[in-house]
Amino acid sequence: MYPSLQSKVVEFISYFANINNSSILITTHSPYILTSVNTLYCAGKVIEKNSTYSKKVYDIIDSNCEIDPQKVTALKINKDKSILNLINEELQELNTEMIDEISDSVNEKYMELYYLLMSENDVL
């Protein structure tokens, strides 16, 4: 699913949960899903802190798509079956980068190869 569509699906799920006062459970390997959830979570924090900002929030995201920060749990289950809380308690946001460590690994390999390429060009 395209990242832009993933974001719209998260908004729809959040909207549906809000209008029905229901709970949702999402499992994903997608950093786009988690980042979209983080955005709606932040919107919920803004409204919770100052409800007069609701209109401004809804100018940024669709109305009723915010996620109530008091109702969020975000966990990562590691390969060794340990469970990690994805909510950074200090910043009160989701650690979205914790779900996408493969990008770091791939990027490190690329950089190693790139430096080899550049050092080979220096020799020529």
Side-chain angles (χ1 to χ4, degrees):
M1 194 181 314
Y2 289 109
S4 59
L5 185 54
Q6 290 180 41
S7 179
K8 290 295 181 191
V9 167
V10 169
E11 288 177 6
F12 172 77
I13 291 169
S14 181
Y15 174 79
F16 188 79
N18 286 342
I19 64 171
N20 289 299
N21 196 28
S22 58
S23 298
I24 56 173
L25 172 69
I26 298 174
T27 63
T28 186
H29 289 97
S30 171
Y32 303 115
I33 295 284
L34 194 58
T35 301
S36 296
V37 167
N38 198 39
T39 299
L40 301 181
Y41 175 74
C42 184
K45 289 190 315 181
V46 170
I47 292 171
E48 179 184 65
K49 186 175 180 180
N50 188 344
S51 61
T52 61
Y53 284 159
S54 294
K55 168 90 171 79
K56 290 181 181 183
V57 167
Y58 295 149
D59 286 343
I60 298 168
I61 66 165
D62 289 338
S63 180
N64 274 337
C65 289
E66 74 278 1
I67 296 175
D68 183 344
Q70 304 304 317
K71 296 181 180 179
V72 173
T73 302
L75 304 171
K76 176 183 179 186
I77 302 172
N78 294 311
K79 290 179 183 178
D80 66 359
K81 298 183 183 170
S82 62
I83 298 174
L84 183 64
N85 184 358
L86 292 178
I87 298 176
N88 181 315
E89 297 298 327
E90 181 182 339
L91 299 175
Q92 286 299 300
E93 64 182 26
L94 301 178
N95 287 322
T96 57
E97 69 280 354
M98 294 176 89
I99 198 171
D100 190 28
E101 61 264 331
I102 191 64
S103 291
D104 291 338
S105 174
V106 170
N107 191 46
E108 286 173 16
K109 290 176 184 178
Y110 172 82
M111 292 308 297
E112 286 181 48
L113 294 168
Y114 178 80
Y115 288 133
L116 283 174
L117 179 65
M118 291 296 100
S119 66
E120 182 64 28
N121 286 340
D122 290 341
V123 173
L124 298 175

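The side-chain contact (heavy atoms from CB on, under 4.5 Å) search around D80 returns N78, S82, not counting sequence neighbours. Listed by chain and residue number, Q6 satisfy the side-chain hydrogen bond (donor to acceptor under 3.5 Å, both in side chains) test with S30 (two or more places apart in sequence, or in another chain). In terms of the side-chain hydrogen bond (donor to acceptor under 3.5 Å, both in side chains) criterion, N88 has no residue partners (sequence neighbours excluded). Taking the side-chain contact (heavy atoms from CB on, under 4.5 Å) definition, one finds that L25 meets it with nothing, sequence neighbours left out. S7 meets the side-chain contact (heavy atoms from CB on, under 4.5 Å) test with E11, S36; sequence neighbours excluded. Every side-chain contact (heavy atoms from CB on, under 4.5 Å) that N18 has, sequence neighbours left out, goes to S14, E66. Annotation: side-chain hydrogen bond (donor to acceptor under 3.5 Å, both in side chains) contacts of D62 (sequence neighbours excluded): none.
Between the CD atom of E93 and the OG1 atom of T39 there is a distance of 10.0 Å, given to the nearest 0.5 Å. Taking CD1 of I47 as the start and CD1 of I67 as the end, the distance is 11.5 Å to the nearest 0.5 Å. Atom-to-atom distance recorded for I26:CD1 and I13:CD1 is 4.5 Å, nearest 0.5 angstrom. Remark: L94 CG to N85 CG distance equals 9.0 Å, nearest 0.5 Å. Taken to the nearest 0.5 Å, the CG atom of N38 stands 13.0 Å off from the CD1 atom of I33.
With a 4.5 Å cut-off between side-chain heavy atoms of Ile, Leu, Val, Met, Phe, Trp and Tyr, the cluster of Y32 takes in none. When hydrophobic residues (I, L, V, M, F, W, Y) are linked wherever their side-chain heavy atoms come within less than 4.5 Å, the members clustered with Y15 are I19.
The list of salt bridge (charged side-chain N to carboxylate O under 4.0 Å, His left out) pairs with a residue in residues 25-38, not counting sequence neighbours, is empty. The salt bridge (charged side-chain N to carboxylate O under 4.0 Å, His left out) pairs that include a residue from residues 41-56 are K55-D59, where partners are two or more places apart or lie in different chains.
Grouping the Ile, Leu, Val, Met, Phe, Trp and Tyr side chains by contacts below 4.5 angstrom, directly or via other members, places I87 apart from L75. A continuous path of ILVMFWY side-chain contacts below 4.5 Å connects V37 to L5, so both sit in one hydrophobic cluster.
Smallest separation of non-hydrogen atoms from Y58 and N64: CE2-N, 3.4 Å.
V57 places a side-chain heavy atom less than 4.5 Å from the side chain of I61. Within the 4.5 Å cutoff, no side-chain heavy atoms of L113 are placed close to those of Y110.
Residue I77 places its CD1 atom among 12 or fewer non-hydrogen atoms of other residues, nucleotides or ligands, all under 6.0 Å distant.
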Report task. Could you walk me through whether K8 and F12 pass side chain to side chain contact (heavy atoms under 4.5 Å, CB included), step by step? Result -> CA-CA 6 Å; K8 290 295 181 191; F12 172 77; over 6 Å; no
